[in-house]
Amino acid sequence: MSPGLLAVQLYSVIEALEADRPATLTRLAALGFRHVEPFALGLWNTPPDELAASARALRADLDEANLGVSSMHIAVSSDSQTSAIETCRILGTDTAFVPIPWLVDGFDERALETHDGVRAFAGRLNAAARELARAGIRLGYHNHHFEWVRLPGGAHAFDVLWDLLDPEVLAEVDVYWAAVAGQDPAEVLKRLGERAVTAHVKDGPAEPDAPQTPIGTGDIDIPAVLRAGSHLRWHITEIDRTEADRFELLAANRRALLAGGLTLA
């Protein structure tokens, strides 16, 4: 078993970033984080020059804080993925994930509610993944909880989607949202196997609108999850919603992960 590397999803402190990005990144570095995962810098129709400028500005701020990039979230166009490729190259990562269906051109929040929708969505991701692969970048998909909707016939959209995605398409498993959907995140990781390369790690009561809490205080058995995902390259701590101070919660999650011995800083 090889420990995963620690990173933090920047969405966790999105409001602080909007107020003062350089200071926020410096504060994350001061907490001991060495890598971050940026959220998508634009939509699939954001002008390429605007997207590239945003990526260069973020890269400069990351350099100033001495922070690397583990992976990132991107939008996917219906035609060329040139902008996504350029963004990944500027930020210095070879791994990108689509975090929600409506960041893919032509799809919305109902994309995974029918067999035809799932099939079309998988086809778009497969095509984008092939183009990105030619540029040396791996594409994957990040789950929430809605992927476990039941399709006509009873199958979960999540299972049908992963059966349709090419083996080269990677998984970023959000263990908290899998639990919110009523799934055992450890079993999800086991089923996906080596195509799961990162996990979003967080804790709380595993209810859709409940505030998240420090790792070890909620309903998610994080040590069991990470043991099941011993092949994971990255353990990415993230906060969606909380009543706690976000920096204090990230610091607590970092301490818990490192103390468990399954994560390296």
Asks: Locate the shortest heavy-atom distance separating Arg21 from Leu58; write the atom from each residue and the value.
Replies: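 Shortest heavy-atom separation between Arg21 and Leu58 comes out as NH2-N, 3.4 Å.
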
Asks: Between the side chain of Glu131 and the main-chain N/O of Gln81, is any donor-acceptor distance below 3.5 Å?
Replies: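 Yes, because the side chain of Glu131 sits within donor-acceptor range (under 3.5 Å) of the backbone of Gln81.
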
Asks: May I ask you to test the Trp148-Val180 pair for a side-chain heavy-atom distance under 4.5 Å?
Replies: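 Side chain of Trp148 against side chain of Val180, heavy atoms only: no contact under 4.5 Å found.
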
Asks: Could you tell me if the side chain of Thr93 sits less than 4.5 Å from the side chain of Ser70, heavy atoms only?
Replies: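 Contact flag for Ser70/Thr93 side chains = no.
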
Asks: When you compare the side chain of Thr263 with that of Pro3, does any pair of heavy atoms fall below 4.5 Å?
Replies: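 Side chain of Pro3 against side chain of Thr263, heavy atoms only: no contact under 4.5 Å found.
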
Asks: Looking only at non-hydrogen atoms, find the nearest pair between Asp219 and Pro205 and report the distance.
Replies: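 Where Asp219 meets Pro205 most closely, the heavy atoms are OD2-O, 3.1 Å.
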
Asks: Side chain of Asn143, backbone of Asp174: donor and acceptor closer than 3.5 Å?
Replies: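 The answer is yes, because a donor-acceptor pair under 3.5 Å joins these two groups.
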
Asks: Is the cationic atom of Arg27 (NZ for Lys, CZ for Arg) positioned less than 6.0 Å from the six-membered ring centroid of Phe247 and within 45 degrees of its normal?
Replies: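 Ring-cation test returns yes.
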
Asks: Using the ring of each side chain (for Trp, its six-membered ring), is Phe121 parallel, tilted or perpendicular to Phe107, with breaks at 30° and 60°?
Replies: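 Perpendicular: the ring planes of Phe121 and Phe107 meet at over 60°.
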
Asks: Any chance you could measure His235, atom NE2, to Leu6, atom CG, to the nearest 0.5 Å?
Replies: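 Rounded to the nearest 0.5 Å, the NE2-CG separation comes out at 9.0 Å.
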
Asks: Go through the steps for Phe158 and His156 under the test ring-ring contact (aromatic ring centres under 6.0 Å, His included), then give the verdict.
Replies: CA-CA 5 Å; Phe158 182 91; His156 286 124; 8.6 Å; no

Asks: With the 4.5 Å side-chain cut-off for hydrophobic clustering, are Leu10 and Met72 part of the same group?
Replies: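 In one cluster with Leu10: Met72, yes.
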
Asks: Could you point out which residue of His142, Glu37, His35, Gln9 forms a side chain to side chain donor-acceptor pair (under 3.5 Å) with Ser71?
Replies: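 Single side chain to side chain donor-acceptor pair (under 3.5 Å) partner of Ser71 among His142, Glu37, His35, Gln9: Glu37.
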
Asks: Start with the C-alpha gap between Leu31 and Val8, add the side-chain angles, then the distance that decides, and say whether side-chain contact (heavy atoms from CB on, under 4.5 Å) holds.
Replies: CA-CA 11 Å; Leu31 292 178; Val8 56; over 6 Å; no

Asks: How many angstroms lie between CZ in Phe33 and OG1 in Thr237, if you round to the nearest 0.5 Å?
Replies: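 Phe33 atom CZ to Thr237 atom OG1 measures 5.5 Å (nearest 0.5 Å).
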
Asks: Is it the case that the side chains of Ser12 and Glu238 hold a donor-acceptor pair, with the cut-off being a distance below 3.5 Å and no angle test?
Replies: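 No, no side-chain donor-acceptor contact under 3.5 Å.
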
Asks: Report yes or no: do Ser80 and Thr82 form a side-chain donor-acceptor pair below 3.5 Å?
Replies: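 Yes, Thr82 and Ser80 have a side-chain donor paired with an acceptor closer than 3.5 Å.
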
Asks: Hydrophobic cluster membership, with links at side-chain heavy-atom distances under 4.5 Å among I/L/V/M/F/W/Y: are Leu189 and Phe97 in one?
Replies: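 Shared cluster, no.
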
Asks: Are the charged groups of Lys190 and Glu187 less than 4.0 angstrom apart, N to O?
Replies: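 Result for this pair is yes, salt bridge flagged.
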
Asks: Specify the closest pair of heavy atoms between Val201 and Val175, including all atoms of both residues, with the distance to one decimal.
Replies: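 What the structure gives for the nearest pair is CA-CG2, 4.1 Å.
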
Asks: Once you round to the nearest 0.5 Å, how far does CG of Leu257 lie from CD1 of Ile222?
Replies: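 Atom-to-atom, Leu257:CG and Ile222:CD1 are 7.5 Å apart.
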
Asks: Do Phe146 and Pro101 have side chains that get closer than 4.5 Å, going by heavy atoms?
Replies: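 Touching, per the 4.5 Å side-chain cut-off.
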
Asks: side-chain hydrogen bond (donor to acceptor under 3.5 Å, both in side chains) for Thr114 and Asp116? Distances and angles first, verdict last.
Replies: CA-CA 5 Å; Thr114 66; Asp116 286 345; 5.7 Å; no

Asks: Are the side chain of Asn126 and the backbone of Leu165 linked by a donor-acceptor contact shorter than 3.5 Å?
Replies: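 Not a single qualifying donor-acceptor pair exists.
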
Asks: Is any side-chain N of the basic residue among Asp166 and Arg138 closer than 4.0 Å to the acidic one's carboxylate O?
Replies: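 Arg138 and Asp166: not salt-bridged.
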
Asks: Between atom CG of Leu5 and atom OG1 of Thr198, what is the distance when rounded to the nearest 0.5 Å?
Replies: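 Here the rounded value is 11.5 Å.
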
Asks: Does Arg110 have more than 12 heavy atoms from other residues, nucleotides or ligands lying within 6.0 Å of its CZ?
Replies: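 Not buried by this count: 12 neighbours or fewer within 6.0 Å.
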
Asks: Just wondering, are more than 12 heavy atoms of other shown residues or ligands nearer than 6.0 Å to CG in Asp108?
Replies: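 Atom CG in Asp108 is packed in, count exceeds 12.
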
Asks: Verify side-chain contact (heavy atoms from CB on, under 4.5 Å) between Arg119 and Leu164, making sure each step is shown before the conclusion.
Replies: CA-CA 7 Å; Arg119 190 176 299 109; Leu164 292 170; 4.3 Å; yes

Asks: Tell me whether Arg191 is salt-bridged to Asp159, with the criterion being a basic N under 4.0 Å from an acidic carboxylate O.
Replies: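 Yes, charged N to carboxylate O under 4.0 Å.
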
Asks: Please lay out, stage by stage, how Val69 and Arg59 fare under the test side-chain contact (heavy atoms from CB on, under 4.5 Å).
Replies: CA-CA 9 Å; Val69 173; Arg59 183 66 263 176; 3.7 Å; yes

Asks: Within the 4.5 Å heavy-atom criterion, are Arg124 and Asp105 side-chain neighbours or not?
Replies: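 Sidechains of Asp105 and Arg124: in contact.
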
Asks: Roughly how far, to the nearest 0.5 Å, is the OG1 atom of Thr26 from the CG atom of Leu67?
Replies: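 Leu67 CG to Thr26 OG1: 8.0 Å, rounded to 0.5 Å.
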
Asks: Would you indicate whether the side-chain heavy atoms of Ile85 and Cys88 approach each other to under 4.5 Å?
Replies: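 No, every pair of side-chain atoms sits at 4.5 Å or beyond.
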
Asks: Please say which of Asp240, Asn253, Thr242 ends up in a side chain to side chain donor-acceptor pair (under 3.5 Å) with Lys202.
Replies: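 When Asp240, Asn253, Thr242 are each tested with Lys202, the side chain to side chain donor-acceptor pair (under 3.5 Å) holds only for Asp240.
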
Asks: Count I, L, V, M, F, W, Y as connected when their side-chain heavy atoms are under 4.5 Å apart, and connections chain through other members. Are Leu192 and Ile236 then in the same cluster?
Replies: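 They do not share one cluster, since no chain of ILVMFWY contacts under 4.5 Å joins Leu192 to Ile236.
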
Asks: Give the intermediate values and the outcome of side-chain contact (heavy atoms from CB on, under 4.5 Å) for residues Leu250 and Arg254.
Replies: CA-CA 6 Å; Leu250 288 174; Arg254 178 183 180 275; over 6 Å; no

Asks: Can you tell if the side chain of Asp20 reaches within under 4.5 Å of the side chain of Pro22, non-hydrogen atoms only?
Replies: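 They are in side-chain contact.
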
Asks: Can you tell me how far CG of Leu41 sits from CG of Leu51, rounded to the nearest 0.5 angstrom?
Replies: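 If I round to the nearest 0.5 Å, the distance is 6.0 Å.
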
Asks: Between Arg233 (side chain only) and Gly4 (backbone N and O only), is there a donor and an acceptor less than 3.5 Å apart?
Replies: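 No, because the side chain of Arg233 does not come within donor-acceptor range (under 3.5 Å) of the backbone of Gly4.
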
Asks: Please find the pair of heavy atoms, one from Val160 and one from Val118, that lie closest to each other, and give the distance.
Replies: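 Between these two residues, the closest heavy atoms are CG1-CG1, 3.9 Å.
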
Asks: What do you reckon, are the aromatic ring centroids of His200 and His73 less than 6.0 Å apart?
Replies: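 His200 vs His73: aromatic centres under 6.0 Å.
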
Asks: To check you understand the geometry: which heavy-atom pair defines the closest contact between Tyr141 and Leu112, and what is its length?
Replies: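 Tyr141 and Leu112 have their closest heavy atoms at OH-CD1, 4.1 Å.
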
Asks: Minimum heavy-atom separation for Ile100 and Trp102, please, with both atom names.
Replies: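 Of all heavy-atom pairs spanning Ile100 and Trp102, the closest is CD1-NE1, 3.0 Å.
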
Asks: If Ile, Leu, Val, Met, Phe, Trp and Tyr residues are connected whenever their side-chain heavy atoms lie under 4.5 Å apart, and connections chain through other members, are Val197 and Leu139 in the same group?
Replies: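 Result: no, two separate clusters.
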
Asks: Looking at Arg89 and Ala84, would you say the former's side chain and the latter's main chain have a donor-acceptor pair under 3.5 Å?
Replies: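 Not at all, since once roles are kept as given, no pair shorter than 3.5 Å links the two residues.
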
Asks: Out of curiosity, does Trp234 fall in the hydrophobic cluster containing Ile215 (side-chain heavy atoms, cut-off under 4.5 Å, transitive links)?
Replies: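 Cluster IDs for Ile215 and Trp234 differ.
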
